[in-house]
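Structure first, commentary second.
Chain letters run A, B, ... following the sequence lines, proteins first, then strands; residues in each count from 1.
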Amino acid sequence: MLFGFLKDLDPRLRSRRRQWKERIIQGGLFLCAFLSVITSFLIVVVLGKEAFPFFQEVSILEFLGTTWTPLLEPRSFGVLPLVCGTFLVVVGASMIVIPAGLSTAMYLSEYASSRTRSVLKPILEVLAGIPTVVYGYFALTFVTPILRVFIPSTQIFNAASAAIVVGIMVLPMVASLCDDALRAVPQTLRQGAYALGATHFEVTTRVVVPGSLSGIVASFVLALSRAVGETMAVTIAAGATPRMTLSPMESIQTMTAYIVQVSLGDTPAGTVEYRTLFAVAVLLFAITLIMNVIANRILGRYREIYE
Amino acid sequence: MKTTNLTARQRKAYLFRLICAAISWMGIGLLAILIFHVTSKGISWLDWQFLTGFPSRFPERAGIKSALVGTIWFISMTACFSIPLGTAAAIYLEEYSRKGPLGYLIEVNIANLAGVPSIVYGLLGLVIFVRGMELGRSLLAGSLTMTLLILPIIIIAAREAIRAVPNSIRLAAFALGATRWQMLRFHVLPQALPGILTGVILALSRAIGETAPLIMIGALTYVAFVPEGPLDAFTVLPIQIFNWASRPQEDFHHIAATGIIVLLAVLFFMNIIAVSIRHHAEKKGKV
Amino acid sequence: MSKQTQSLLTLLEAVGVTIYYSDKPAVQEISISVPEHHITAIIGPSGCGKSTLLRAFNRMNDFIPEARMEGQILYKGNQLYAPGVDPVDVRRRIGMVFQKPNPFPKSVFNNVAWGPSINRYEGNLNERVELSLRKAALWDEVKDRLNDSAMTLSGGQQQRLCIARALAMEPEVILMDEPCSALDPVSTARIEDLMFELKKTYTIVIVTHNMQQAARVSRFTAFMEGGMLVEFGATKQLFTRPVNKRTEDYVSGRFG
């Protein structure tokens, strides 16, 4: 007859030690998860700590001015040219990515065979994985020369090249998210429309797309938020000239490019020039945060409808 | 497709389909153009001297050794920090966390952190790691910063992999008198491993190509030495490329392209290794 | 460890057990005594709460956050739900076999060996595995395939593997939740034979919706309906001369 091996050691003793071990493990895992909360908190603290004294020296009204020369005399801290530069790039990118991303998604989900999908999707993923420096280089050395052929007034550094390239960069993300959104529309909805004698085109544009509209819109907002935060492509290709202009052919500077420019220089800590880094970063952070929250809200509400 | 008897509606439908297809395949075209352009500009400058030399004022003599070694150091350190942290956080959220305000707070933060521009992480790293913890412009500061940046990516992918493990396995383990950690360590984690590795590959690929945060940390752009320890200064491939691309001389643009070829090769190589690890893990999981 | 044959020693007991799922009672005021070295069956129509009651015996309901229990479960006179009791300990003494076979995606050997190995078993693991597989009447079929994946076994073999896995922990009680409902009649018959063998060493509680099975294998049967215990007694008597009319209706197939 076999003796149960569990009965050798005092069961209460082993149990307590085991329970302590479990609790320690759980605590450790919790800390790792809580790190995200700590990181967010630190970002706010780090940005705020330098931005706060900045706004004590420079009033908000002045900050919203239209001349940005923080490093040269006469100093001016109107940030709008940087915002304008970012805006130009983002709008230009969206003109590419919204139609192209949606069309690609429609093709992938409604028309393409699964074999085509299995070729296209990985390629899109490769496009998404290319580092942004490479896109910046491509903009400067390929897109800009071509643009200059067609529009001779294009400067060497211009917003348009950057916008085109940022659009391509963000395309896979939009295509993938829109594809998910379109596929989430139930087959029964489509079949109802077909049964009424609609063509594939009509079903896609009049039933499927409207039925997944919030998912599509959310993906656009997320993509544009990424475009706002994009750094290297615009730094390389769009220029370092803060300027209030609506012409995409001119050299401009985005918020992100400005931050890079200052970092590459030798600005001592504690000066107001150093603090402009953080002031611009606060603005950048706020814009992208708001966009992301909006997009996630839309996505959240959208998921409830089909579940 | 019959061309006779097509009503206007059907013709429109066909046209629409063509347009969508054309646009989609343009994506492939663009990729091909990009690769072709970069290769044509840079391939002639790719030689052994380029791979083993240091940067120089003269493009013909410039090399990428410091950036290449720096990248390898950098990615290894980032992986060492981010893989355990990300996996641990994902385990907590999927297996231990209860629906409550704390869990909600963590999840909201992860979702938001995923969308923060990389340059903001750079500022964070500058203030906390470079200045605050006085790590200087070192590999350690850079990899800690990059860890924070890619953590949300790993967490999200790892969570999905853990969620995919069927619940019957968990119940079976519990019914045998296993503790939660025993169940996770011996059953759930091994089964979720391929999925977790996929997320890690994705995250590290992103980390290799990220430039902005490292510029903020102060990774140097003219480095004529190879780092020897975690506290050394360093540079990475994307920063070297950025430096060369920013110079006005045409020749520097050429070697920037050569650098890009090396960077893409590293990425490609890394993905191959990672996919084969994943494949191996999937096969091993069957026994 | 001598066997106590004819005496009916109560090993497991439910006393006034009520289990709520989010304030809806799934099990109401049930009291049952499970005697040692016998097979006790719990029968009843779908949704009557039999699985919920079974899970209470090895504290598997702990994993369902909406579940709340009142009353007591006693094991050898000790309260299983007392504050200091570690549920992990409970589950090492009271094993469970599930309705759908759920072997680990590991080899046959590792499935059976895992339980003892996490308990730092110091004896010979190979012997323990072989013994458990023999007790589960599976050894002859898998002895040359110990390193094959458990997923290559048939459904009936997988279920016997799950039984072997539970046996490897040397429990005193084995709880079986409709163990044959996902299996074919031949596999079912083999497992029923197995149960007869096992009851000599272990105590078995089986939940089943198959009345004939309960009549075949068990010594005692509890009939549940709508969360309540309608009748509990010796199987022979419950099936031939039931006390309660509802029991008689159920076992003679008038409903359920």
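- Contact annotation for Glu202(A): only side-chain heavy atoms (C-beta onward) come within less than 4.5 Å of a heavy atom of chain B.
- With contacts defined as side-chain heavy-atom distances shorter than 4.5 Å, the pair Pro131(A)/Leu267(B) qualifies.
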Item to check | CA sep, side-chain torsions, deciding dist, call: Thr211(B), Thr231(A), side-chain contact (heavy atoms from CB on, under 4.5 Å) | outcome: CA-CA 9 Å; Thr211(B) 326; Thr231(A) 316; over 6 Å; no
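- For chain B, the nearby part of Leu47(A) is the side chain; its heavy atoms alone come within less than 4.5 Å.
- Note that CD1 of Ile110(B) and OG of Ser36(A) are 4.5 Å apart. Values are rounded to the nearest 0.5 Å.
- For Phe41(A), no part sits under 4.5 Å from any heavy atom of chain B, backbone or side chain.
- Comparing Leu202(B), Ile91(B), Ile155(B), Ile33(B) by heavy-atom pairs within less than 4.5 Å of chain A, the highest count is held by Ile33(B).
- Within the model, atoms OG of Ser263(A) and CG of Leu214(B) stand 12.0 Å from one another, a figure rounded to the nearest 0.5 Å.
- In this structure, the side chains of Phe34(A) and Tyr92(B) stay at 4.5 Å or more apart for every pair of heavy atoms.
- Neither the backbone nor the side chain of Leu124(A) has a heavy atom closer than 4.5 Å to any heavy atom of chain B.
- Heavy atoms of Leu42(A) lying under 4.5 Å from chain B belong to its backbone as well as its side chain.
- With values rounded to the nearest 0.5 angstrom, Ile168(A) atom CD1 is found 10.0 Å from Leu31(B) atom CG.
- Interface remark: Gln26(A) contributes backbone and side-chain atoms alike to the contact with chain B (heavy atom separation under 4.5 Å).
- Residue Ile25(A) holds its CD1 atom at 9.0 Å from CD of Gln182(B), rounded to the nearest 0.5 Å.
- Ile119(B) pairs in a side-chain contact (heavy atoms from CB on, under 4.5 Å) with only one of the listed residues (Val280(A), Leu277(A), Val260(A)), which is Val260(A).
- Per-residue counts of heavy-atom pairs under 4.5 Å with chain B were compared for Ile43(A), Leu31(A), Ile236(A); the largest is that of Ile43(A).
- Proximity of Trp181(B) to Ile24(A): side-chain heavy atoms (C-beta onward) are nowhere separated by under 4.5 Å.
- At a threshold of 4.5 Å between non-hydrogen side-chain atoms, the residues Phe142(A) and Phe36(B) do not count as touching.
- Considering only heavy atoms from C-beta on, Leu120(A) comes within 4.5 Å of Ser24(B) through its side chain.
- Going from atom CH2 of Trp25(B) over to atom CD1 of Ile123(A) covers 7.0 Å, rounded to the nearest 0.5 Å.
- For the pair Ser40(A)/Leu113(B), a side-chain contact is recorded, criterion being any heavy-atom separation below 4.5 Å from C-beta on.
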Checklist entry - Which is it for Thr39(A) and Leu124(B) under the side-chain contact (heavy atoms from CB on, under 4.5 Å) test, yes or no, and what are the steps along the way? => result CA-CA 9 Å; Thr39(A) 308; Leu124(B) 181 69; 4.0 Å; yes
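- Top candidate by heavy-atom pairs under 4.5 Å with chain A, chosen from Leu34(B), Ile128(B), Ile23(B), is Leu34(B).
- Proximity to chain B (any heavy atom under 4.5 Å) is restricted, for Thr288(A), to the side chain, taken from C-beta onward.
- Both the backbone and the side chain of Thr141(A) come within contact range of chain B, each with at least one heavy atom under 4.5 Å from a heavy atom of that chain.
- Between Val127(B) and Lys49(A) there is no side-chain heavy-atom pair separated by less than 4.5 Å.
- When each of Gly229(A), Ala33(A), Ala105(A), Gly129(A) is scored by its heavy-atom pairs under 4.5 Å with chain B, the top score falls to Ala33(A).
- Atoms CG and CG, from Leu284(A) and Leu123(B) in turn, are 9.5 Å apart once rounded to the nearest 0.5 Å.
- Classification of the Tyr137(A)-His37(B) ring pair by plane angle, with boundaries at 30° and 60°, yields tilted.
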